[in-house]
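Quick notes on the structure that follows.
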There are 2 protein chains.
Amino acid sequence: MTNRVHHGPTAPTSQAIAALRPLPADAVRLDREGLLGAWQDRNTAATLPHCVDQLDARGNLNNLRRVTGDYDGAFAGYWFADTDIYKTLEAAWWAGGFASFVAEIAHLLEKAQDADGYLMSYFQVEHRDRQWKELPSSHEMYSAGHLIQAGVAAARSAPDDPAAQQLLAVARHFADLLVERFSEGTEEALDGHPQVETALVELYRVTGHRPYLDLAARFIDLRGHGLLGPESRFHTRHYYQDHAPFRAADEVTGHAVRQVYLAAGAVDVAVETGDTELLLAAERLWESAIATKTYLTGGQGSRHRDEAFGDPYELPPDRAYAETCAAIGSFHWSWRLLLATGKVRYADEMERLLYNGIAASTSLDGTAFFYSNPLQVRTGHDGSDEDAPGQRLNWYSCACCPPNLARLMASLHTYAATGGPEGLQLHLYTAGTFSAGGRTVRIETAYPWDETVTVTVTETTAEPWTLALRVPNWCVDARLTLDGMPVPAAAHDGYVHLSRTWLPGDRVELVLAMPVRLVTAHPRVDAVRGTAAVTRGPVVYCLEHADMPDELDGFAFEDVELDSARPATVVHNRHSIAPVALHTPVRARDAAGDAPYQPLNAAAPPATLTATVPAIPYFLWANRAPGPMRVWIPLAPQVRQA
Amino acid sequence: MTNRVHHGPTAPTSQAIAALRPLPADAVRLDREGLLGAWQDRNTAATLPHCVDQLDARGNLNNLRRVTGDYDGAFAGYWFADTDIYKTLEAAWWAGGFASFVAEIAHLLEKAQDADGYLMSYFQVEHRDRQWKELPSSHEMYSAGHLIQAGVAAARSAPDDPAAQQLLAVARHFADLLVERFSEGTEEALDGHPQVETALVELYRVTGHRPYLDLAARFIDLRGHGLLGPESRFHTRHYYQDHAPFRAADEVTGHAVRQVYLAAGAVDVAVETGDTELLLAAERLWESAIATKTYLTGGQGSRHRDEAFGDPYELPPDRAYAETCAAIGSFHWSWRLLLATGKVRYADEMERLLYNGIAASTSLDGTAFFYSNPLQVRTGHDGSDEDAPGQRLNWYSCACCPPNLARLMASLHTYAATGGPEGLQLHLYTAGTFSAGGRTVRIETAYPWDETVTVTVTETTAEPWTLALRVPNWCVDARLTLDGMPVPAAAHDGYVHLSRTWLPGDRVELVLAMPVRLVTAHPRVDAVRGTAAVTRGPVVYCLEHADMPDELDGFAFEDVELDSARPATVVHNRHSIAPVALHTPVRARDAAGDAPYQPLNAAAPPATLTATVPAIPYFLWANRAPGPMRVWIPLAPQVRQA
């Protein structure tokens, strides 16, 4: 047992720009009765073991054993297949309890690592001559970054564990090679896929070794000057975010995962170097992304081609790419900005992502995953390749997303609250216990299904401190009681601040009213004009074919229209697939016979059949038989008069 | 001078299923005063010479010279770069007058051809060991097909020309190799890219050599059984149309160009083998494609990823791929079905394609081209790679489209009319002279700008015959006079049939009323809900940034809404970029400050600024400075009450 603080991911140094401070990982415990705790439990019990199994089954581990001479088969999977191992390993360290796995892998990695520190199995057998020669596509630094993050997780979670020390040493060895090859005064080069930036900053935080931070800062500033080579038919400079320096970019572009990973790394560099200009650039870019290039679910990336952001307001629900890894990267980006600035908007975005864009990617049982997360599926049968399935798959040839989910979920408890000498700030409401500096609160809530969040002080210090409670941006009616007495719930900058001398047993009840809200998109979002989405609290709902009632037999799913003149009702049913469903009035008209194009004045008659259909949380779709789904529902014509 | 009939492309044998017969190529002359004639002139004067130049500049010809030992540089461009040569060559033969070019190429091809007939330069120097081993992607038969079509064009256009004979011999030599390797009783194999099917049938038509037809029929029937290999992350069987036999397919899928080329080839096989089942399958598939997967412009292919068809009703205007080659292939498919069945719907589709999806691909000067043809461009600056430019480019690394346009335009005169002993059928109205069997008519018209088509009989036979005049599907008010006297214009199956004993000088005047028509899409086309398109006659119009009037300064292009309560006016101006513009009432409201998502009941106020903006023909967009454009215009809110 050590007295050291066990940090989670993202642990800014004491010198960093930081409005808020993360809680130590061991100062938080999520209860499995809460939704986030249940997800974290499922991750440990199902997702993470599944990932570990896949590393064997898909040949990722054998790729390393080829390097050590313990396997003589062919290389399996994509050239960056090692990163699936690293992300799973990182998840295992955050989760704890995978002792033999983490020890085996640390040993294997040490054995596979070259004397100079190089470690990427694809380039260590047949392709040694290609090392460092194809940086726009080789993912060598991207791979190093994930190795480093696994090492950081090990060092923070179990600093005294020999396997953790072994892994950290391997990671540092590779990081030192990067410093030797690419730091100031040596080669000017970039990896086509950002990731190493944030990893190097985290390694600096763990080790205090400044060259790691300097190299990360150098990578941020080298980008945007065409180092990644000329434009080609397939990849423009926008694809790599190499068209403009990060500080000058005014919109997110290109490959979405690369963009958000780059942005997260930029914030890490900014806060540790005190570079407020860079931090402001990251904030400006985030604002632009949220205003014009983000789905209602928080998903990002509108194009399958290039897995990329589109133009502003180009947000097709059916061809949304909205890659799971982009949502995770966006979550990391928002989290870093929340810590740096304390602005509630970043916590709002984390919540939206968590309950929608991220949660949707995992099946109920935790062992099947979406790679892309469309907001509409028509038939799903045409061209339903791996990136656009109507069903979650157990694994992918490019399996970046499942272990990325595993590492996020394994560390999920560290993102819910922050705290320091001034008190505790609660950002994401879920059942659990949260501590900072001798003050502990217990949260009881069935959020986001229920409106009520109860916070009980279970441990406190004698001096007064402030409990800050986030009022989500979707909430227009927040009510608060303190030990049963109403108190004003007026939020200051998005948080209600309760400052007092607390006593154990003090109890705060926050009620965040959750009426059904019909939402429309900005008029420039052409793809969903004339539609509305059904939401409640932070949760976006959808219609799914499996819920269509008998009276709609004979009508195509796509002919169902939202009848917003009649109110939807909230139905709680803990035993259903959806703990809360929204029974939504609709109309329908069989449009099968309509001409593809017709004169405006020959418009079809309004729908006459009326019915009520259950809308379920979007994140729970595709847990039954495959079929059509949609978030944005066409408004029945009478509504458009409004 | 020979007495032989000079056929154009697609010349069914006398045994073929054929409701209509094409006119010989030399029985038609388009006048440059008409739009189609002007395009054909521009093709000969600008596009075709430009293509010829590019073959030298881009290294296509040197690729062949590497094979003959006359060039020792590197291979240039895509592995199927020879096909750019073949399509240009085909165009040159149809156009006539490129004597030195066609002679030089015939000589070069003969010299480059292997002794066994093989000819594809990429696989004749370094990659000989890969010949025939990568058929799903090698394009070897696709390349052979274009060679064959060039040979057919030569043989039909100038059968006595030694260069034509030389080229035909080269093409036959390769075709004979295909027969030897792949005909019944030998290897079962397919090219991943259909094209050779239609070429082989045409070669059969020229030569009478039945094995060519049999091989084409075999390729049609082998497809759909998984011969092209397992599904992969990148290419499903749908991509290659290898998921279901052509006879059983109920919707167009996968790579759009491959699909429509396959369909055209299937019709060619069907009519020559008398296979009515196959013909019906092609008709059924065409109906399905037009009903659910075709843009208002006739463009096809909704996805950049895989250059593919999407799901039914998935027709995003901004991310329309609508490849130029797919529009050309669709035109070929419709033309073949028109000849086989005589049904007007196929001529309607040819017209729609010609004035919209195809015409838009070429710049006013004939030397710049679109590869994809979106119906909306927002900014065009993000990810504006070769496939999605906001501006036409002079050439492409994959330059399939420009020479494909050249060969279509060079043979354009052969698609306007058909005829035989029973008379003449006029399908596409343009100024020119059309003959069949001693009967000749001259058409004078400024169609599609003007409503009036004047047909004068200039030569006739003594016996009565029938002049059939198409009444386009967009026209609800057709009027007809015969020598100045009104006659009923009731169309039978889409054509007005005038049967009589004609005298030279007889004059028919057909007036096809062309009011401005606002058009809406099927309610299942989510991407353009709440919008309308402005059309007149066969021409689809668009709004382009360059035409926005001063009073809209300060408003974003995307905030302009169509005010359908006020009528649009037709403005003729022969000296303008658009001979006919439609002055269209609009409204505007600055939406820049609107939230990305907001409650339905907080919907923005209706636009208040009113203005009138010129809509120009879609096919003329992007001939000025790059910027936003859109075909589908949001309807101002008051309109939605209708």
Side-chain angles (χ1 to χ4, degrees), chain A residues 233-234 236 238-239 251 253-254 290-292 294 296 303-306 308-314 316 318-319 376 378-379 382-386 397-398 517-524 526-527 529-532 558-559 564 591 594-601 603-604 634 637 640-642, chain B residues 233-234 236 238-239 251 253-254 290-292 294 296 303-306 308-314 316 318-319 376 378-379 382-386 397-398 517-524 526-527 529-532 558-559 564 591 594-601 603-604 634 637 640-642:
Chain A
R233 178 172 181 217
F234 294 108
T236 64
H238 286 83
Y239 174 82
E251 60 177 317
T253 65
I290 297 299
T292 70
T294 304
L296 183 62
R303 298 180 178 177
H304 281 243
R305 176 74 171 263
D306 285 352
F309 282 104
D311 284 330
Y313 303 106
E314 179 191 322
D318 49 352
R319 292 294 284 170
Q376 176 179 6
R378 284 192 175 74
T379 66
D382 176 35
S384 58
D385 54 36
E386 282 197 346
S397 58
C398 173
R517 289 177 309 126
L518 301 185
V519 171
T520 56
H522 193 287
R524 292 179 187 168
D526 298 288
R529 181 173 290 111
T531 71
E558 54 209 308
D559 291 342
S564 70
D594 288 14
Y597 304 103
Q598 60 182 331
L600 180 62
N601 54 20
R640 296 182 196 151
Q641 297 173 11
Chain B
R233 177 171 183 218
F234 294 109
T236 64
H238 287 83
Y239 174 82
E251 59 177 317
T253 65
I290 298 299
T292 70
T294 305
L296 183 63
R303 298 179 179 178
H304 281 243
R305 175 74 169 264
D306 283 352
F309 282 104
D311 284 330
Y313 303 106
E314 179 189 322
D318 49 352
R319 291 294 284 169
Q376 177 180 4
R378 284 192 176 72
T379 67
D382 176 35
S384 57
D385 55 36
E386 282 197 346
S397 58
C398 174
R517 289 175 309 126
L518 301 185
V519 172
T520 57
H522 193 286
R524 292 180 186 167
D526 298 289
R529 182 173 289 109
T531 72
E558 53 208 310
D559 291 343
S564 71
D594 288 14
Y597 304 102
Q598 59 182 332
L600 180 61
N601 54 19
R640 296 181 196 152
Q641 296 172 13

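Treat the numbers as computed from the prediction; the structure is a model and nothing was measured. Residue numbering restarts at 1 for every chain, and letters A, B, ... go by the order of the sequence lines. All heavy atoms count here, side chains included; hydrogens, waters and symmetry mates do not.
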From B:H304, B:R305, B:R319, residue fulfilling side chain to side chain contact (heavy atoms under 4.5 Å, CB included) relative to A:R319: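 The residue from B:H304, B:R305, B:R319 that satisfies side chain to side chain contact (heavy atoms under 4.5 Å, CB included) with A:R319 turns out to be B:R305.
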Let me know which of A:L296, A:T520, A:T294 forms a side chain to side chain contact (heavy atoms under 4.5 Å, CB included) with B:Y597.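 Per the side chain to side chain contact (heavy atoms under 4.5 Å, CB included) rule, the option paired with B:Y597 is A:L296, out of A:L296, A:T520, A:T294.
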Is B:D526 in contact with chain A via its backbone, its side chain, both, or neither, using a 4.5 Å heavy-atom distance?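 Contact with chain A: backbone and side chain both.
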Is B:A521 in contact with chain A via its backbone, its side chain, both, or neither, using a 4.5 Å heavy-atom distance?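 Looking at B:A521, backbone and side chain both touch chain A.
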Using the side-chain contact (heavy atoms from CB on, under 4.5 Å) criterion, which residues pair with B:R524? Sequence neighbours excluded. A:A556, A:E558, A:D559, A:D590, A:A591, A:A592, B:Y313, B:H522
Listed partners of B:A527 passing side-chain contact (heavy atoms from CB on, under 4.5 Å), at least two apart: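 For B:A527, the residues satisfying side-chain contact (heavy atoms from CB on, under 4.5 Å) (neighbours in sequence not counted) are B:P316, B:P317.
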Of the non-hydrogen atoms in B:G530 and A:R529, which two are nearest, and what is the gap between them?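 Of all heavy-atom pairs spanning B:G530 and A:R529, the closest is O-CD, 3.6 Å.
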